[in-house]
There are 2 protein chains.
Amino acid sequence: MEKKLPTIKEIAQRLNISVSTVSRALHDHPSIGLRTKMQVKKLAEELHYVPNQTAIFFKQRKTYTIGVILPNLREEFFSLATSGIEDKAFENNYIALMGQSHDSIDREKTLVETMQKHRVDGLLVSISKNTSNVDHFQSLLQFNIPVVFFDRVPDVPNIHSVWCSLYHSSMEAIDFLIKKGHKRIGYIQGPDTLSIKNERLQGYLNGLKKNKIVHDPSLVVSSDFSAEGTQKAMDQLLALKNKPTAIITFNDYVALDAMQYVRKKKLKINKDLAFVSYANLPITHYLETPPLASVEQFPYDQGARAAELLFKLIDQKESSESHPFENVVLNSELVIIGQGK
Amino acid sequence: MEKKLPTIKEIAQRLNISVSTVSRALHDHPSIGLRTKMQVKKLAEELHYVPNQTAIFFKQRKTYTIGVILPNLREEFFSLATSGIEDKAFENNYIALMGQSHDSIDREKTLVETMQKHRVDGLLVSISKNTSNVDHFQSLLQFNIPVVFFDRVPDVPNIHSVWCSLYHSSMEAIDFLIKKGHKRIGYIQGPDTLSIKNERLQGYLNGLKKNKIVHDPSLVVSSDFSAEGTQKAMDQLLALKNKPTAIITFNDYVALDAMQYVRKKKLKINKDLAFVSYANLPITHYLETPPLASVEQFPYDQGARAAELLFKLIDQKESSESHPFENVVLNSELVIIGQGK
DNA sequence: AAAAATGATGCAAACGGTTGCTTGATTTGA
DNA sequence: TCAAATCAAGCAACCGTTTGCATCATTTTT
């Protein structure tokens, strides 16, 4: 059954010429006569010859393949980033291998090994929530395979990275809320296992300081991102004698859960309690009462920029240029959505 | 710079033995002496030897790679399907190459060629909106590379496919609305270029017939899925002398646009005008006034099932078994979300 | 003690394509 | 007319790994 695919060898035999001639003919090498070229191309066409890339990859030591490892594709943020990566890859004649770590460090390790086995020319990674060191990427570096981290960037020196700074937008968010008259602003953050820079909180704190508001630690609570975790966080905030009038949430998903919970409590969103969050997912614009504002992190662009950087590194490697560590920082943007009171 | 990677040849030279011995030692072949085995393994470890998979792929004529081609990753439906595919691939020790057609038939063709060049062991495809024939998949079949279509399945015979039938749920949706007292039910469909089965409309029509309601063609309008297109469609429906009291929309995105438009018109959603749609995206559950119901199409499962079928076909091919065309049909489910009046 | 079985290792071909070097034939130049 | 230049094509090595088939040295069997 297993139909053997045509090879240049077969073409050579049929035409009674050597394989090298066939190879050169197919590549329009100048030293091959026109007649021979035509014959070869015609037969190749007839046999539906397709060069065996695995042989070529093997010989050229290059696969035109990059690996992409990220926590998951269910979150819109990552699927948009992937979309950007794929678009850039397509433009550059590369193709991307996908892997989801599902925030498991073991699975992340396995994926790195698999990608390495497949001899990817480079790797794009958004690390799992539980990844605290980057040892499992070391062997890639030994192989001289470039790695670019994006969005979830490990907090270690000497890496290439692309991420979106939330610091300024976080401060802007505070300014925005204070201009609206809010003085007690709560913040629901994530679990503190994330070993990445906590720019949201830094911006929050400095925004308060800048506006001469004393920081009240009881206004900062944590959620594990589950609906229940967020509800608990909300309970903490609403139990305060001096309740917040506005709340900043780690991301839109947390905001959605929080807002739904608040609705159940018969509080008016953006009237009794204002919301600002991160991500600016398209869906928030469809809500009857959306958060007042959300910080856009440009996932598509992050993916695209990370891919561009990776291709640059691959090219540099091939021309044995030096490549200092590069860290691209995009700026987030505070997008005003709702009207509020 | 380009550091040469260690090979079994190098190990062989250093230990003054043959490459075949090294190869066998690393594979724990019984005919290799214990001492030699130990020596080889120790040295391999020291050199950080990693077998060159491109050489092995080449020799074995198998890459443990599958291709995935779908319209785009921005739509949650497809990113969830991809998530299912990747999970199954990981389980089966495969890895997936991603490609987005962006509903361009040319890009789809290019992707098919690229995947073929990369010698994928199989291909999963959700065809582009503009794909009306499947000629560009023919060469894969000649190569005996299995192809499984999912969700957006071309309407041609002799293919493998996985899709989710909307027929029964569409009828159920009608039953559901009629039980709620609705008699005039509108339907916003998509552009009619889609060459796939139109089960939504079939279910709509048969649902009406079953409930002995005469079909009024002016209640069926089209949208190109843009916000403007949907608004125009709504205008058509609301301009009727005998207006609908309920509307079924092609998908949740259309429903969201329609509902937002209706809100602007100061109509009460699910009171003046009830909505039912398709997709059951997580977000609809966060709306203050969600559609009454949405048809869940199980994108993750579709992806997972399609991947499973593909792996089965690959295995069968390897054991030269016969493989009749298989068409897996999942059932959609009408999920009741809101309360309505 | 000679024949047979066993154990440990090496040889070489194969997978498909690329490419530097050679060779032979034809054309060009003086 | 003969050497040099040009053209067209072939030879063979190479990329890294696997594997059927020798080969040779022991050990076991009778």
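Naming convention: chains lettered A, B, ... in sequence-line order (proteins, then strands); numbering from 1 in each chain. Side-chain atoms are counted along with the backbone in the values below, which use heavy atoms only and exclude waters and symmetry mates.
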Between the side chains of [Y] and [X], is the shortest nitrogen-to-carboxylate-oxygen separation below 4.0 Å, so that they form an ion pair?
| X | Y | result |
| --- | --- | --- |
| A:Arg152 | A:Asp103 | yes |
| B:Asp301 | B:Lys88 | no |
| A:Glu45 | A:Lys41 | no |

Identify the pairs formed between an N or O of the protein and an N or O of nucleotides 4-7 of chain D at a distance under 3.5 Å, and give each distance.
none

Determine whether [X] and [Y] make a side-chain contact, defined as any pair of heavy atoms from C-beta on separated by less than 4.5 Å.
| X | Y | value |
| --- | --- | --- |
| A:His48 | A:Leu5 | no |
| B:Thr54 | A:Thr54 | no |
| A:Phe77 | A:Asp151 | yes |

**Report entry** Where protein sits on nucleotides 15-25 of chain C, one letter per nucleotide: B base, S sugar-phosphate only, - none, heavy atoms under 4.0 Å
**Finding:** BBBBBBB----

Specify the separation, in whole Å, of atom [atom1] of [X] and atom [atom2] of [N].
| X | N | atom1 | atom2 | value |
| --- | --- | --- | --- | --- |
| B:Met38 | C:dT9 | CE | C1' | 19 Å |
| B:Leu47 | D:dG16 | CG | P | 14 Å |
| B:Ile11 | C:dT9 | CD1 | P | 16 Å |
| B:Arg35 | D:dT26 | CZ | P | 13 Å |
| B:His29 | C:dT9 | NE2 | P | 12 Å |

Query raised in the report: Taking five pairs at each end of the helix from C:dA1-D:dT30 to C:dA30-D:dT1, what angle separates the two helix axes (nearest 10°)?
Result: 50°

Query - Any pair counted as salt bridge (Lys or Arg N to Asp or Glu O under 4.0 Å), so long as it reaches residues 108-120 of chain B, sequence neighbours left out - result: none

Query - side chain to side chain contact (heavy atoms under 4.5 Å, CB included), paired with A:Tyr94, selected from A:Asp121, A:Thr63, A:Leu310 - result: A:Asp121

Query raised in the report: Taking the six-membered ring of B:Phe90 as reference, does the NZ or CZ atom of A:Arg107 fall below 6.0 Å from its centre and within a 45° cone about the axis?
Result: yes

Query raised in the report: Checking all strands, does B:Thr36 fall into the base, sugar-phosphate, or nothing category for heavy-atom contacts under 4.0 angstrom?
Result: sugar-phosphate

Requested in this report: Only pairs at least two apart or in different chains count here, so list each ring pair (Phe, Tyr, Trp, His ring centres under 6.0 Å) that has a residue in residues 121-142 of chain A.
Outcome: A:Phe137-A:Phe149

**Report entry** B:His118: ring-ring contact (aromatic ring centres under 6.0 Å, His included) partners, not counting sequence neighbours
**Finding:** A:Phe57

